[in-house]
Amino acid sequence: SCNRGASASKGKSVAYSSPGDANGWFLAFSSELKKEAEKRGYSFSVTHAQQNTARQLSDVEDIIAQKPTFLILGPKDTKASADALRTARKAGVPVIVVNRDINGEHGADYITKIYSDFEWIGEKMAQAVREAFPADKKTIRIVEIHGTLGSANTTGMSKGIRKVIDNDARMELVRSQPGNFQRDVAMAAMENIIQSGVEFDAVICHYDDEAMGAIQALTRKGRKMGNDPSRGEIIIVGNGGTTVGLEAVKAGKYHKIVSVTPYYADKVFEAIEAHLAGKKLDPYIRVDDIVIDKNNVDKHMATGF
Amino acid sequence: MVEDCLLKMTGICKAFPGVKALQDVDFSVKYGQTHALMGENGAGKSTLIKVLTGIYQKDAGEIVFDAESIAPTDAAQSQHMGISTIYQELNLAPCLSVAENIFIGREPKKYGLIDWKTIESRARSILGDMGVTGVNVSRPLNEHSVAIQQMAAIARALSLDAKLLVMDEPTSSLSETEAGLLFDVIRRVKARGSSVIFISHKMSEVFEICDTATILRDGCLVGEYPMADLTKLKMVSLMIGRDATSVLHRKKEVSRGLDDRELVLKARGLSRAHRTKEIDIDIAGGQILGVAGLLGSGRTELARILFGDEICDGGEIEIAGAAAHLRTPRDAIRLGVGFCSEDRKAEGVFPHMSVMENMTAGILGELSAGGVLSRKAQMQVAQTYIDKLGIKTSGPDQRMGELSGGNQQKVLLARWLCKKPVLMILDEPMRGIDLGAKSEIEDIIADLAGKGVAVLMISSEMEELIRSCDKIVVLSEGRKAGQLTAREISEERIVQMLAHGSHPGQEAVHAK
Amino acid sequence: MKTDSATIKTGVIDTVKSQGPLVMLVVLCVIAGICFPAFATSLNLVNISRQISMFGLLALGMAFVILSGGIDLSVGSIAVVASIVALQAGRWFAPAAVVAPILVGVAIGAFNGALITWGGIPPFIATLAMMLGVKGLAFVLAGEGRSAAAAEQVVNVSGWFPVIFRGDCFGIPYPAIILIAALGVAVVVSKYTSFGRSVFAVGGSEEAARMMGLNVNKCKMLVYMICGGCAGAAGLLLASRLKAIDPTATGGWELTAIAAVVIGGIPLTGGLGKIGHVIYGVLILGIIPNLINHLRISLPPWYNEMITGMLLLAVVLLQSLIAKRGTR
Amino acid sequence: MPNSANTSALGAFRRAIAQRQNVRNYGVWSFLLLSLGVTAWFTPGFLSWGTLDNTLIQAFPVLLVALGMTMVMSSGGIDISVGAIMAIAGAVSGRLYTSNAGLAPSVAGGILAGGLCGLFNGTLISKFKIQPIIVTLVVMIAGRGLAQTILGKPSVSFSFNSSLNVLGQYKIAGLPIQIVIMIAAVAMMLFVVKKTVFAKHVEAIGDNPRAARLVGINILRTTACVYVLCSILCAVAGIMKVALTGGVNAAGLGKFIELDAIAAVAIGGTSFSGGRARIFGTVIGAVIIPLVTVIAGMNDMRDHHAMIFKAVIVIGVLLVRRER
Ligand SMILES: Nc1ncnc2c1ncn2[C@@H]1O[C@H](COP(=O)(O)OP(=O)(O)OP(=O)(O)O)[C@@H](O)[C@H]1O
Ligand SMILES: Nc1ncnc2c1ncn2[C@@H]1O[C@H](COP(=O)(O)OP(=O)(O)OP(=O)(O)O)[C@@H](O)[C@H]1O
Ligand SMILES: [Mg+2]
Ligand SMILES: [Mg+2]
């Protein structure tokens, strides 16, 4: 199959429009794409929109002006980035959508969409919290440290988390504050929440870095965290899969991580080659994420990014 | 009685924190009158003007203008009422062109858009009326010398066709010739039926142009006198509140013939950018060299070159016997050169800093140990010079910007006096300084020279130069037109040299 | 004769000095044209003209503010609120989608102006506070629900609305036409109206302008209203481009706009410079990211930042050297 | 002679003026006290050591940067590269620390790197006469890139008991190390501003650069020193933040802090066009801003509502203390 790929890719170029900035996940994802492209013999380039929608639309226009064979589009915003699809369609460049959802028409606007399901991740995180407590626990008070306001993954995870909490009378969301996916912002937010005197049993973070900030704050304020609520330990669940996060799980401070894997470059290129071979693909290819905890963390340690 | 007064200000009071600038002052100007407002530095003249035009709000009193009681709250209002003002500290837009500064706010329009051609030609003609030709009116104001800037301010005020023209020291940077031309214009304004308020520390001007004088002292009214009743002596005595004979009749010392002393400054063939051409200057220790010249003759540029603020293209400078390569003012200062600029506002004062800090700005290093300032030492220096120069201030901690113009000038002089230089360059040092202080400063300069300091003094007032200098160099269009030794110095000789060297050229030069 | 050649020489030097930004722009374009075949294509140039149109408008408004000696940090936030207002208002009454954003911009600009003139708050801090406040307002208007869960805000955009950004006339995109028209108006206003000149006077010295009898407060109010209006117009283009509400869309625009103005030769101290030259600053800053995209690299984003910074440094260093050569 | 008649009237007027100034001076304080009172009333647990601790710890980087910014603004300049310099210093320290350089050399290396950035800023501004906002914009953009290049990856974490993390949580006589550094920095800056020749030169340059040149002040050196001083303070802020949070995120460290710092300086009353540096004012300004964040966080205010809240407070404070 390797051979066939090489001939199919002859002289073909793939460009990736990343919505992100220097965040571990996006770096890992684009370097995976690059590796995969090199392996299969495509020339590859990437643009970074730095979390700015207008910048991304410009990036895509610049890419399209160079007439690549394929565009891999990681939309910054589900609706606002949709114009990028129009630009590509007008120039006849086929698009694979990655990272998150976008408004568009399958077949006409894009070949397929491949990404983690953030709503699913949100649900999984909330479920992980519920499972950490004994069934007879009357109320589970939860603090949410969310990502950048308005970003699609933040929105998705928040939705998933609420879906579970709203359907469970025991669960209650007592605080929700921004951590902007950053350690220091999350740490300050957590400190303020602790100081406000509100009682809580668990913290859900939208990213590992936020969880690290929360752990720092809890430690500084003399709280315990871990896997056993009966010992007064606060349960921390988050989304990610960074090396730092995995180590914290191993150390027993971070209860569970619902992964958001950046390792699906192969799927992306398989889709590209299937398209080249004239096959029609499903509108959405789901990326499988997993829940990592103390028991399986060693197995996944190598996947940390 | 009331009918013949265009302006009547009664019982005006104005206080600033710590200073009563005006106390119960009455002041009135008749129709068609040129009225002098006189007083020492800090007497309150400018403050009275600013109260009139709405820059300051009076604390008490009443203003009646053209039979109407007025209380302007900003300059725009008083301008609309027909009061046109030239303020002491030139307040023009530095980056706009000369022509624009004259017309801003009431530009002539064509099809609703500003008509630049008309603006420039009218600016040229207004300036031409004042005897200034050859000024490039489309260049930014700040590229022109202070004198031209002052002319622009006058032209602006004149072109407003106001009922009352207020001039706060309009001639401080002008020489007699230019002032003479201004007076012609003032006479025309007067003939038109407008009134003029005229402030100046130059007695001869006041006697030449004014009908009446109101004298202020320390913020209080001394009185109003018809000019005919006054003599120079009487006026100054009223201003300072004691007999002024000693102030006015200062005798010039006989020439000290210092040419044989060792030279402190020896400059040969100084040239720069087609403006300064091949100038040689010698100053011996203890000598006071005067530099005379018309507006734009290159005196200021010469001073800047000697201070390292502008770099000469050709020529050599020796200071105290050693070749000096001046690339920045710091180089010159290190060799013991001091320079007091003609442009007080732009190049002299630190308006937000205290009087003390302004005065000691150049010697902070000497007043400190290991970079830590001694406030006591600073205070001492400041107090010494405040007393010595009679600076009117509420204390060494007063903000410099709050001082009257003349007092700011004194602080700047003190800045260099306390530095104790070997060569002192003074560009129009008496700008805006009252008569009493002027003679004191002349004494100080003479004193400085007596201690062996070489002094280079630039002045537009011939009298000043003649009184103080041991030697005079006359510049014309950037060239040395001649030199007069102590024995030769006389007004006629200088005028002769100026006339000789002057012929119409590219830059601003007089019509006459 | 001698003086003649001298004046000519100073004239040439003056021109080169004052055209520093243009010189740099040309240098940048020539290098780009040589290095990247896709750069000088009409598609790419049309793209660039569209991309710069929004912050070009911001920069024009900002130029007035900076000329008057002030600064406006709230333009990015104003633009985003305007874009939201355009889409929301357009649902009720289609033409409002065009008028409302500009009016909103002018209104917020007037508020800025009032804080600065009557409130006596320094412009930097007044507009900084407004930048935060208006951004918060944008989220409120966008209907962001409790915490991060965004309400689904479906906006039905009329067919003609996206054309404002996308359409063109003889190959020249509408946004470019709008920008050029705005530039023309700005140049005329700044050079041929009393208001325009008073902006320069106020920027040169507010105190002096007041003493010359100019209405400084009115001038400052107008300046911030113009700036707000321009930001509103940029918001209109943004709305037409995104066709969706995104309260985060304009992060960092205010700095880019300020930088464009300063690179175009108007110092932050105000009172000096030419509005027309702002377009060079806009083009320089617009072309740099385009150039980087043409490099077709696959490096982490921080290399982009380094390259952007270095290019910018080269531009301003050369500009300063040109200016220095001129004076000495 | 009209002297005696008028003394009383003038005296009364002077008192009135003085009172108006008092209204302005005390106005800020009463406004703050009032708003704090209201806040305390509806925020449970507000009046406690913990709140103060949170506020000061969160104010720490802003305050340090704002102190440097006060000097920069007093010289008539501005520095928007402060956040990037924090990131560079943090990245250098982090990089050194992870390559086992030891605590002291890592910290020293970071501070040195910060100082070099300041030198770069100062040199370009004074020698090449490029506008401060443009120079520091370049450093803001390129510097952040450089920080990430130095670090080699987007973020690095230290274990909870590493000496760097311990430093960040260290207490001296019961006081968090940040508060001790803060007090020391404020004392130092007060001394510098009140007592040194350097500060007077800075002020003079800010007040009238042309006159400063003509009295022989070394503008080049002084300007460079101002930016170096500011950068060193930024570096300390950056390194301490790394120590406190136990990790470096070069892309995010100190992002947007320039706005908070400038706001703090402005609230404190140092003018944007140069002149007197007001250290006490800056301290108050630097504490108000995080305090608002703390209050918003404690009351679970939504992020965008917190933004509006912050804007209203800042405008309110400035309206009360305006100078007309
Ligand atoms: N804004 C101010 N704040 C405080 N004091 C001021 C202010 N303006 C003027 N003064 C004080 O008021 C007094 C009168 O000043 P004013 O400028 O009217 O003097 P003047 O007669 O014009 O002097 P000069 O001949 O030197 O120009 C001075 O003592 C001055 O220090
Ligand atoms: N930066 C400049 N650009 C253009 N012309 C200049 C510049 N500086 C000086 N000049 C011109 O050079 C000539 C010499 O000016 P300078 O200021 O030395 O004259 P001055 O004898 O001191 O006259 P003044 O009485 O006006 O002070 C003037 O005509 C002036 O307009
Ligand atoms: Mg005066
Ligand atoms: Mg002169």
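Chain letters run A, B, ... following the sequence lines, proteins first, then strands; residues in each count from 1. Both backbone and side-chain heavy atoms feed into the values below; hydrogens, waters and symmetry mates do not.
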Is [X] in contact with chain D via its backbone, its side chain, both, or neither, using a 4.5 Å heavy-atom distance?
X	value
C:I258	side chain
C:P122	side chain
C:L73	side chain
C:L128	side chain
C:L313	both

In the structure I gave you, are the side-chain heavy atoms of [X] and [Y] within less than 4.5 Å of one another anywhere?
X	Y	answer
C:F139	D:R302	no
D:L151	C:W302	no
C:V140	D:H305	yes

Side chain, backbone, both or neither: which part of [X] has a heavy atom under 4.5 Å from chain C?
X	result
D:Q131	side chain
D:L146	both
D:L259	both
D:I130	side chain

Margin query: Around atom CZ of C:F111, are there more than 12 heavy atoms from other residues, nucleotides or ligands closer than 6.0 Å?
Written below: no
Check: Is the count of non-hydrogen atoms from other residues, nucleotides or ligands lying under 6.0 Å from C:K135 atom NZ greater than 12?
Finding: no
Can you give me the closest heavy-atom contact between [X] and [Y], atom names plus distance?
X	Y	value
C:A259	D:L137	CB-CD2, 3.3 Å
C:A129	D:I315	CB-CG1, 3.7 Å
C:E305	D:R144	OE1-C, 3.5 Å
C:G309	D:A142	CA-CB, 3.7 Å

What distance do [X] atom [atom1] and [Y] atom [atom2] have between them, rounded to the nearest 0.5 Å?
X	Y	atom1	atom2	result
C:L137	D:I308	CG	CD1	5.5 Å
C:L132	D:D260	CG	CG	8.0 Å
D:I141	C:I288	CD1	CD1	8.0 Å

Item checked: Options C:L255, C:T308, C:N304, ranked by heavy-atom pairs under 4.5 Å with chain D, top entry -> C:L255
